[in-house]
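The structure appears below as structure tokens.
By convention in this document, chain letters (A, B, ...) are assigned in the order of the sequence lines, proteins followed by strands, and residues within each chain are numbered from 1.
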Amino acid sequence: MILEGLLLDVDQAEEGFSSLVLYLKRGGRAEAVLDSSFEPSFYFTADDPRRAARLVSKVEVEERGETVRPKRVEVVGRKLLGREMEAVRVFLESPRHLTPLRHAIRELPGVREFYGFDLPLVRQYLIERGLVPLEGVRVEGEREEGVVRAFHPPQPGPEHPQELEVMSFDIEVYNPAGVPRSDRDPVIMISLAAPGGFRKVLTWKGVEGAPEFVEVVGSEKEMLERFVELVREREVDLLLGYNTDFFDFPYLRERARKLGVELGLGREGGGARTRRRKFATATKVPGRVHVDVYAMVSFLAAIGAIRLIHYTLEDVYRHVLGKEKPDFEMGGIARAWEEGGEELKHLLEYSLSDAQATLELGLAFLPLFRELTRLVGQTLFDVTRMTPGQLVEWLLIREAFGRGELVPPRPKGEEYGERMEETYAGAYVMEPKRGLHENLVAFDFRSLYPSIIVSHNIDPSTLNCDCCRPEETTVVPELGYRFCGKRKGFVPSILERLIERRAELKRELKRLKPGTPEYLELDSRQMALKIVSNSFYGMFGYARARWYSKECAESITSLGRYYIHQTIARAEREGMEVVYADTDGLYCKTGGKSREEILRFLEEVNRGLPGVMELELEGFYPRGVFITKKRYALRDEEGRLIVKGLEFVRRDWAAVAKRTQQEVLDAVLGEGSPKKAAEIIRRVVRELQEGKVRVEDLVIYTQLKMPIESYRAIGPHVVAAKKLRKKGYPVEPGTMIAYVEVKGPGSISDRATPVEDFDPERMEYDAGYYVEHQVLPAVMRIMEVLGYREEDLRSPGGEQTRLGKFF
DNA sequence: CCGATT
DNA sequence: AACGGCTAATCGG
């Protein structure tokens, strides 16, 4: 039989063996396909490849009572940084033979370097078979006991669009001790939501007048079983959760073990597998794709697509979808469960809203991650958990395979240590001309670093080539490295294609109607291309990257500095005074130039730029205030305020300071009224001194970055963390410490009190600290550069405060 | 007060 | 677990 469908996921069929299961979706049903014909392999280089191959074919190693030998050895033509050469390819009977064989071969004479040995089986498989998850696949095989055995290697097939069954879930845990302990505190609710209005909260305690979505079962054990049953019944393809990698799944599995329940959530009855790693704990559910929406959010935060103070489900939901969801105080969960009644009903509602919000967010992010999956060619499960650098790397590995390039290993030990030591200069940031400026125009280079890589052919293989005449190469300013002008490098050629594809998509998008499914798909695709393109530079400078190259990284930043400097000089020559510049953009005074003259200037600059490099007009700004490097605020032509680098989005500032700064900026830049600004400042100072400011507005958040003992300088958050630990809270690297400064003797650190301990009835916050160290510094930074001094803020007849120092 | 740490 | 540049607060000698 021939099966064609959508490739949902690929998984190792059995730990330590090289057969794989492909899950494909067709006609609304999922099918498991077994492929036992894949031969994992790795490569090595040698002084004499033929001799080395002969030696290797005779290698035998004893490993746990098993005799391990290569399945097959071949001498093959490959490339190393673009140079043709011969390598030895060693095929394996089983992936578990890889390490013993590699270690044995390492001891043979004339053996040099190893390649492509640190690629997980599933990822190597997808690349070598040319298969791309969430695209079509074609299989010839035979059905045997529920699974299809493939006769031939599965191949890429025609597009095969399929509706995927999505469901989100969330658990609630009984937590009388504050922190839930999985060995004794039961899961009390599991809520579920799916598109089309499916919603359900499973629980094992009834309550009078419970909402219609509640299903009461007999016990925690029955609840887990019912959860499994529902996932299976609904034929779930994508199982969404929020922070489920780190919390819900590990907790559920621990409870299931305790209660003796089989958590057979997978297709074919397979159990969920949790892989615990320091940075990469994740749970895989066979035959379905478990997507942790929190991982998606972390990714979007890492690339700067969303920027929040906290990444809780509530905050992300509010920011991304603009909607509120019910909140429930963590400490109230145990009480609601014990006492029942109205509180328990609220908890049920809250639990459902978590699943519902997770579903909505997951569906909102899915189009982008689907396109990243198709671009990079690894599974959705993996791609949703990758960093931007890993996406680039897996794209490059796939491309390398296609071109016969050997894949360098990830650096370990000494090599990694050496790379960590290497530093290099980054971007240029101009000291701003402080103060208020009017009639500004902003220019910026479109995708500066990607366009430098492509236009100057920056690649490890083109560095200091010996094939070019001087006039054909790029000579990097300051550094003197040369990049080849004849042969296109590995990285630039790939990046060039990505940029071209994105430009095409953007042209197509102009013809489509926003909001249509087709528009959304193409828009997500161009976004995926942008994200990956923008991560190439960082990869060159990343010590753990396979294609790491300090020379390439520093050449890119050096050329970047060169171009921004050139542009600044040119603008100045044209009579446009530059007030500020950072990396790839600059703000100039229009100097009386008309829009047409400015466009003409732009055109002239662009005529002189190589390749795909382009300077763009970013916009006109009637007013702007520049405070320091990276800190400024602008008002655009529509009157909107644009603020960069100020305290707003920092969690280590109290909300009261951030809010006051925003209000002052609005008053000064928006309304041009320092008088109003002064009023605002006086009001807030008074409220602080009268003890009227709410605790939430005084909390300062700082993340603990190391174990408490490692701190040499004991800052406020470290002291607060110590107080927390004394009370029995788990305090470890990564914990967010929320503290309030209270009145009393001692240093600022001594008086930092965890919010949990701050009782407004018995304690007084340190109004003086919040006035002098939070609110005033934040607002005076703005007022000062605008030329206002303290006395300017004192309006005639204005009320006197006790702060003579500032007013 | 100033360099180091965060 | 992508880069470097940068500001600012606070510690601690």
Looking across every strand, which nucleic acid part, if any, lies under 4.0 Å from [X] by heavy atom: base, sugar-phosphate, or nothing?
X	result
A:A427	sugar-phosphate
A:N534	base
A:A302	base
A:Y424	sugar-phosphate

Salt-bridge criterion met for [X] and [Y] (N-O under 4.0 Å):
X	Y	value
A:E399	A:R497	yes
A:D697	A:R659	yes
A:R434	A:E784	no
A:R546	A:D118	yes

Calculate the interatomic distance between [X] atom [atom1] and [N] atom [atom2]; express it in whole Å.
X	N	atom1	atom2	value
A:E554	C:dG5	CD	P	11 Å
A:Q390	C:dA2	CD	P	7 Å
A:Y632	C:dC6	OH	P	14 Å
A:R419	C:dC3	CZ	C1'	14 Å
A:L776	C:dA9	CG	C1'	15 Å
A:I303	C:dC3	CD1	P	16 Å
A:Y449	C:dA2	OH	P	17 Å
A:I564	C:dG5	CD1	P	16 Å

Is [X] close enough to [N] that one of its side-chain N or O atoms is under 4.0 Å from OP1 or OP2 there?
X	N	value
A:Y769	C:dT10	yes
A:R781	C:dA9	yes
A:S749	C:dT10	no
A:T387	C:dA2	yes

Q | Six-ring centre of A:F626, A:R631 cation under 6.0 angstrom, axis tolerance 45° | A |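 That pair does not qualify as a cation-pi contact.
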Q: Measure from NZ or CZ of A:K743 to the centre of the six-membered ring of A:Y765, then state whether that distance is under 6.0 Å and the direction lies within 45° of the axis.
A: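 Judged by the rule (NZ or CZ under 6.0 Å from the ring centre, within 45° of its axis), A:K743 is not positioned above A:Y765.
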**Q.** Pairwise 5' ranking along DNA chain C for A:G426 and A:R544, keeping only the more 5' one
**A.**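 First, find each residue's nearest nucleotide; the 5'-ward one identifies A:R544.
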Q) Mapping A:M430 and A:G538 onto DNA chain C by nearest heavy atom, which one lands closer to the 5' end? A)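 Its nearest nucleotide lies further toward 5', so the answer is A:G538.
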Please pick, from [options], the nucleotide with the shortest atom-to-atom distance to any side-chain atom of [X].
X	options	result
A:T628	C:dG5, C:dG4, C:dT7	C:dT7
A:P777	C:dT10, C:dA2, C:dA9	C:dA9
A:Y542	C:dT7, C:dG5, C:dC3	C:dC3
A:E431	C:dA2, C:dT7, C:dC11	C:dT7
A:R631	C:dC6, C:dA8, C:dG4	C:dA8
A:K630	C:dC3, C:dC6, C:dA2	C:dC6
A:W653	C:dA9, C:dA2, C:dT10	C:dA9

**Q.** Full working for side chain to side chain contact (heavy atoms under 4.5 Å, CB included) between A:D292 and A:T384
**A.** CA-CA 8 Å; A:D292 186 340; A:T384 51; over 6 Å; no
Q: To the nearest 0.5 angstrom, please state how far the CG atom of A:L634 sits from the CG atom of A:L665.
A: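 Reported to 0.5 Å precision, the distance equals 10.0 Å.
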Q) Stepwise, does the ring pair (Phe, Tyr, Trp, His ring centres under 6.0 Å) test hold for A:F369 with A:F299? A) CA-CA 10 Å; A:F369 285 89; A:F299 177 87; 5.6 Å; yes
Q | Sub-4.0 Å heavy-atom contacts from residues 703-717 of chain A onto DNA chain B, ordered by number | A |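 Residues of residues 703-717 of chain A that come under 4.0 Å of DNA chain B are, in numerical order, A:M706, A:Y711, A:R712, A:A713, A:H717.
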Q) Where along residues 750-757 of chain A does a heavy atom fall under 4.0 Å from DNA chain C? A)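 None, since no heavy atom is under 4.0 Å.
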Q: Would you tell me whether A:R403 and A:S493 have side-chain atoms, one donor and one acceptor, within less than 3.5 Å of each other?
A: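 Yes.
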Q | Ring-ring centroid check A:H310 A:Y701, cutoff 6.0 Å | A |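 For A:H310 and A:Y701, the ring centres are under 6.0 Å apart.
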